[in-house]
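Everything on this sheet refers to the single structure shown next.
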Amino acid sequence: RKEFVDLYVNYVLNESIQKPFEDFMQGFLRGCPARKWKMFLPVELQIVLQGHTKFDWHVLEKNVTYSQYKKLDRTIRIFWTVFHKLPEEKKKMFLAFLSGSDRIPGYGLEYFEFCIADPQKENPDELYPFANTCSRILFLHR
């Protein structure tokens with residue numbers, strides 16, 4: 001029985017996927033030559049390819065710049081108070097709304113910057129916040 005189980009496990013985990021895996025590896029190496037990736041440890045390579053998945057949200061707050069706002073303006077203080085009370089999943093959704101991704105690029109959160117700007121429109125209560133994902137600007141009405 002042990003021999004049967006060993007052979008079955010080997011077939012399922014190795015032999016049955018060998019051809020699809022080789023095809024995947026060939027395509028991956030065509031776009032990402034192996035010699036350039038060998039300098040990374042597996043954990044580092046995962047961060048480079050996927051980005052960071054764990055965040056210190058207070059670091060994000062420190063990296064924000066403001067346009068037509070000051071850090072101590074009432075709207076900004078309320079925004080950060082509400083933001084820090086959000087569950088982790090909602091914070092990631094905000095990050096996706098702001099930047100187009102719910103992850104921080106491999107260079108890290110301490111270098112991730114965005115701007116909160118006042119679009120200075122009439123009747124701000126009738127408008128929703130919106131974002132420019134390319135420039136990472138959150139337009140937040142007063």
* Describe, in one word, how the ring planes of Tyr8 and Phe4 are oriented to each other, choosing from parallel (under 30°), tilted (30 to 60°) and perpendicular (over 60°). => parallel
* Connected-component partners of Met93 among ILVMFWY, side-chain separation under 4.5 Å -> none
* To do: Looking only at non-hydrogen atoms, find the nearest pair between Tyr66 and Glu61 and report the distance.
  => OH-O, 4.5 Å
* Structure fact -> Between Asp102 and Lys92, the two heavy atoms sitting closest are CB-O, 3.6 Å
* Taking a hydrophobic cluster as the set of Ile, Leu, Val, Met, Phe, Trp and Tyr residues connected by side-chain heavy atoms closer than 4.5 Å, whether directly or through intermediates, do Phe28 and Phe40 fall within one such cluster? -> yes
* **Residues, nucleotides or ligands: over 12 heavy atoms within 6.0 Å of Tyr111 OH** => no
* Same cluster or not: are Leu98 and Leu86 linked, directly or through other Ile, Leu, Val, Met, Phe, Trp or Tyr residues, by side-chain heavy atoms under 4.5 angstrom apart? -> yes
* Asked: What distance do Gln68 atom CD and Asp73 atom CG have between them, rounded to the nearest 0.5 Å?
  -> 11.0 Å
* Asked: Should Val82 and Phe94 be counted in the same cluster of Ile, Leu, Val, Met, Phe, Trp and Tyr side chains packed under 4.5 Å apart?
  -> no
* Report the relative orientation of the aromatic rings in His84 and His58; use parallel for angles under 30°, tilted for 30 to 60°, perpendicular for over 60°. => parallel
* Min side-chain heavy-atom separation Asp6-Asn10 under 4.5 Å -> no
* Give a yes or no answer on whether the side chain of Asp118 reaches the backbone of Tyr69 with a donor-acceptor pair at less than 3.5 Å. => no
* **Leu140 to Ile116 - nearest heavy-atom pair and separation** => CB-CG2, 3.9 Å
* Asked: Hey, does Phe79 have a side-chain heavy atom less than 4.5 Å from the side chain of Val64?
  -> no
* Structure fact -> Scanning both residues in full, the closest heavy-atom pair of Glu122 with Leu127 reads O-CD1, 4.0 Å
* Side-chain contact, heavy-atom cut-off 4.5 Å: Leu60 with Phe114? -> yes
* Within-4.5 Å side-chain heavy-atom neighbours: Leu95 and Trp57 -> yes
* How about Lys70 and Ile76: do any of their side-chain heavy atoms sit closer than 4.5 Å? -> no
* To do: State, with a plain yes or no, whether a side-chain heavy atom of Gln120 is found less than 4.5 Å away from one of Phe139.
  => no
* Asked: Are Phe21 and Leu29 in one and the same hydrophobic cluster, where Ile, Leu, Val, Met, Phe, Trp and Tyr link if side-chain heavy atoms are under 4.5 Å apart?
  -> yes
* What closest approach, in Å, do Ala117 and Ile137 show between heavy atoms, and which atom pair accounts for it? -> CB-CG2, 4.0 Å
* **Main-chain N/O of Tyr128 paired to His141 side chain as donor or acceptor, under 3.5 Å** => yes
* To do: For side chain to side chain contact (heavy atoms under 4.5 Å, CB included), just list the numbers for Arg74 and Arg142, CA-CA rounded to whole Å, side-chain angles, deciding distance to a tenth of an Å, and then say yes or no.
  => CA-CA 9 Å; Arg74 183 173 184 265; Arg142 290 185 186 270; over 6 Å; no
* Which atom names give the shortest non-hydrogen contact between Phe97 and Pro129, and what distance separates them? -> CZ-O, 3.8 Å
* Look at atom CD of Glu3 and say whether more than 12 heavy atoms of other residues, nucleotides or ligands are closer to it than 6.0 Å. => no
* Any sub-3.5 Å donor-acceptor pair from Asn132's side-chain atoms to Ser135's backbone N or O? -> yes
* Asked: Heavy-atom count around Tyr11 OH within 6.0 Å, excluding the residue itself: above 12?
  -> no
* State whether a side-chain donor-acceptor pair under 3.5 Å links Gln18 with Glu22. => yes
